[in-house]
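Here is how names work: the chains are called A, B, and so on, in the same order as the sequence lines, proteins then strands, and each is numbered from 1.
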Amino acid sequence: MVNITLKDGSVKQYEAGTTVMQIAEDISKGLAKNALVGRFNDRVVDLSFPVEENGTLEILTFESEQGRDAYRHTSSHVLAQAVQRLFPGTKLAIGPAIDDGFYYDFDTEVTFTPDDLAKIEAEMEKIIKEDLPLVRKEISREEAIAFFKEKGENYKVELIEDLPEDAGISVYQQGDFIDLCAGPHVPSTGKIKAFKLMSVAGAYWRGSEKNKMLQRIYGTSFAKKADLDEYLYRLEEAKKRDHRKLGQELKLFAVMDEGPGFPFFFPKGMVLRNELENYWRQIHREWRYNEIKTPIILNQELWKRSGHWNHYKENMYTTTIDEEAYAIKPMNCPGAILVYSSELHSYRDLPIRIAELGLVHRHELSGALHGLMRVRSFTQDDAHIFCLPEQITDEIKGVIDLVDSVYKMFGFPYHVELSTKPEKYMGSDEAWETATSALENALREKGMEYKINPGDGAFYGPKIDFHLQDSLGRTWQCGTIQLDFQMPEKFEISYIGEDGQKHRPVMIHRVVFGSIERFIGILTEHYAGAFPTWLAPVQVKVIPITERQLEYAQKLGEELFAEGIRVEVDERSEKVGYKIREAQMEKVPYMLVVGDKELASGAVALRTRKEGDRGTMDFDEFKKLLHEEIRQKK
RNA sequence: GCUGGUGUAGCUCAGUGGUAGAGCAGCUGAUUCGUAAUCAGCAGGUCGUCGGUUCAAAUCCGACCACCAGCUCCA
């Protein structure tokens, strides 16, 4: 007999060899029905797993992450089986569960069309109806290699060959379909209740563009049809928040054919930019930064010296001036360094924090462009901190606080990554190690949670990245803090120490918004275009009911305008409903409806974007509320 | 850059080889109205670009450009 501790803390006795499924049935019928996999002593296992020793057991359903993963992983096997039935000879690569579903990568001469997806879905339905049990088998390495070689599954063979020597190898079989897989899986294909194939796309084998491009089919699956429908509905809703769509509808910004990746900002989009920049200048003043502006075009020699020419040339635009080679800046750091070295510095002056809203240009691959999120010219809200080695941690912690306070104000959820040494890098391994652990220490001292992003650092140093989410949950790097020992060396910058000798300062590159463009993209999706009043391109719309109140409406408008409010008066001879509908669709936070009553009493009828009709209010009182809300950036 | 898809009026979209369409927006006129669309009329398109097939191309073929999804890459 073995003692099994259940999730609620109770301990039950079972005969050794009792399966997880049997225990689930013993606990409750309902649980057994919803059970997908189990967690036995922190290991996620199949329901057919026999319990041979004492331990804790949790039955996992679709409600848990591991349950969902197993469910979707099984879904991907069903997909693979369907594809191989319909397109014999298709080779299988990998097919994992992902955040919102699953995918499988295939290698075949056939190009999958959207029609094929429908056929594959139909075949998957059949496989689900057949309710084939998934059977796990552990086999030896040699057996596995021989088996998959025999089937011509060379990707699987490659995967097995790359597994560590001591790794156990398992396969899962459902009907005549056998796939290399660590598992776990749900007990049978009939467990899949609701699924949908979403799209087909290319994906390089093992993520390297040097390898063959495979065809990846994306899908998702849910425990209930209603949940799938809800997921699809939410996707549709999220698409309405797409900043590219809202940017056009609200006349904020656009990217045009004439300049792929070079965004245009319209008057209303410029209001957002300018307000953000005002805010940015205010907080940078508070955090003791000085602002500079450096040129967009600088001599190529500078870029050779900085190492950009060596490491970043493919991304740089170049030009010739008076037969001399110049480059358009892809980063602001060399310019900032020139400013730093334009005078002598004492150790007493450090840290020196110089900020720059710097317009940079980078040649990004055409396929990578994406609205404002990924462009070829953008304004970094950059700053370079020159400091003593012993000031590094405090400076980094300061930047973390600054970034955190800004993201919190907007209510952005974010996550942090520590990006380490890339393949192409500058400087010594020791310097990289020192820099990386300095960043790590700062994060630890701040008690920040972070994940390591290996090999994703800048060529001159490791970095802390702050990632924000767009409406579809895709994450974009915005803030970043990069520690750099290389540029100071390259440019031989210095400060005069207590000893009267020259010493090398450390340089920290950092951005808070990241790029103004990307940040506006995120902001637009986050607020679904309904910007808080301090950012709203139009803050107040005055709506006279008839021409009789036009003069009064204009007077109110003038008064608000004089106080710095962004106000529009809707003078058209339309019905109130029409004007309100339009103001509402433009997402104007406040509407002042004025008719004969308001004209007589000198008041306004207030309507808010969020709450609708709020009744009459004294005009001065409204102005007070409005100014206060703008001041507080609520 | 790669794989697949898409490209028709300012916007959203219909139109599969035979004279380019709708709704919204725009303009003109009427309407003066109390919280999400008043009515009527008018105007608007080298069908992404270039080339080919055909008596005839938005429609078929090719190249290129741009966009969308994903991969790769990055703020």
Touch class at under 4.0 angstrom, heavy-atom based, for A:Arg548 against every strand present: sugar-phosphate
Under-3.5 Å donor-acceptor pair between A:Glu598 side chain and B:G34 base: yes
Inter-nucleotide C1' distance (B:U54, B:G17), Å rounded: 9 Å
Nearest-angstrom distance, P atom, B:U16 to B:G51: 26 Å
Contacts of A:Asp229 that satisfy side chain to side chain donor-acceptor pair (under 3.5 Å) - sequence neighbours left out: A:Lys225
Base-pairing mate for B:G62 - Watson-Crick or G-U, with both contacts under 3.5 Å: B:C50
Parallel, tilted or perpendicular: rings of A:His243 and A:Phe253 (30°, 60°): tilted
Spacing between A:Gln477 atom CD and B:C73 atom P, to the nearest angstrom: 14 Å
Side chain A:Glu547 and base B:U32 donor-acceptor under 3.5 Å: yes
Closest-nucleotide ordering on RNA chain B, the 5'-leading residue of A:Val594 and A:Met256: A:Val594
Spacing of the P atoms in B:A37 and B:C67 (rounded, Å): 37 Å
Phosphate contact (B:U35 OP1 or OP2) by A:Arg614 side-chain N/O below 4.0 Å: no
Nucleotide B:C67, atom P - distance to NE2 of A:His370 in whole Å: 12 Å
Sugar-phosphate, base or nothing in reach of A:Arg374, heavy atoms under 4.0 Å: base
Touch class at under 4.0 angstrom, heavy-atom based, for A:Arg206 against every strand present: nothing
Ring geometry between A:Phe262 and A:His361 (parallel below 30°, tilted from 30 to 60°, perpendicular above 60°): tilted
Geometric class of the A:Phe412/A:His526 ring pair [parallel <30°, tilted 30-60°, perpendicular >60°]: perpendicular
Touch class at under 4.0 angstrom, heavy-atom based, for A:Tyr578 against every strand present: sugar-phosphate
Parallel, tilted or perpendicular, as decided by the 30° and 60° cut-offs, for the rings of A:His384 and A:Phe386: tilted
Spacing of the C1' atoms in B:A14 and B:G23 (rounded, Å): 11 Å
Upstream residue (5' side of RNA chain B) when A:Glu517 and A:Val593 are each assigned their closest nucleotide: A:Val593
A:Arg216 (side chain) and B:C71 (base): donor-acceptor pair under 3.5 Å: no
Any A:Lys579 side-chain N or O less than 4.0 Å from OP1/OP2 of B:C33: no
Sugar-phosphate only, base, or nothing, as touched by A:Tyr218 at under 4.0 Å among non-hydrogen atoms: sugar-phosphate
Rounded C1' spacing from B:C71 to B:A58 in Å: 33 Å
Touch class at under 4.0 angstrom, heavy-atom based, for A:Gln248 against every strand present: sugar-phosphate
Pairwise side-chain contact, A:Glu356 with A:Lys293, heavy-atom cut-off 4.5 Å (strictly under): yes
Check: A:Tyr204 side chain, B:G70 base, donor-acceptor under 3.5 Å: no
Touch class at under 4.0 angstrom, heavy-atom based, for A:Ser208 against every strand present: nothing
Sugar-phosphate only, base, or nothing, as touched by A:Val255 at under 4.0 Å among non-hydrogen atoms: nothing
Rounded C1' spacing from B:G52 to B:G45 in Å: 24 Å
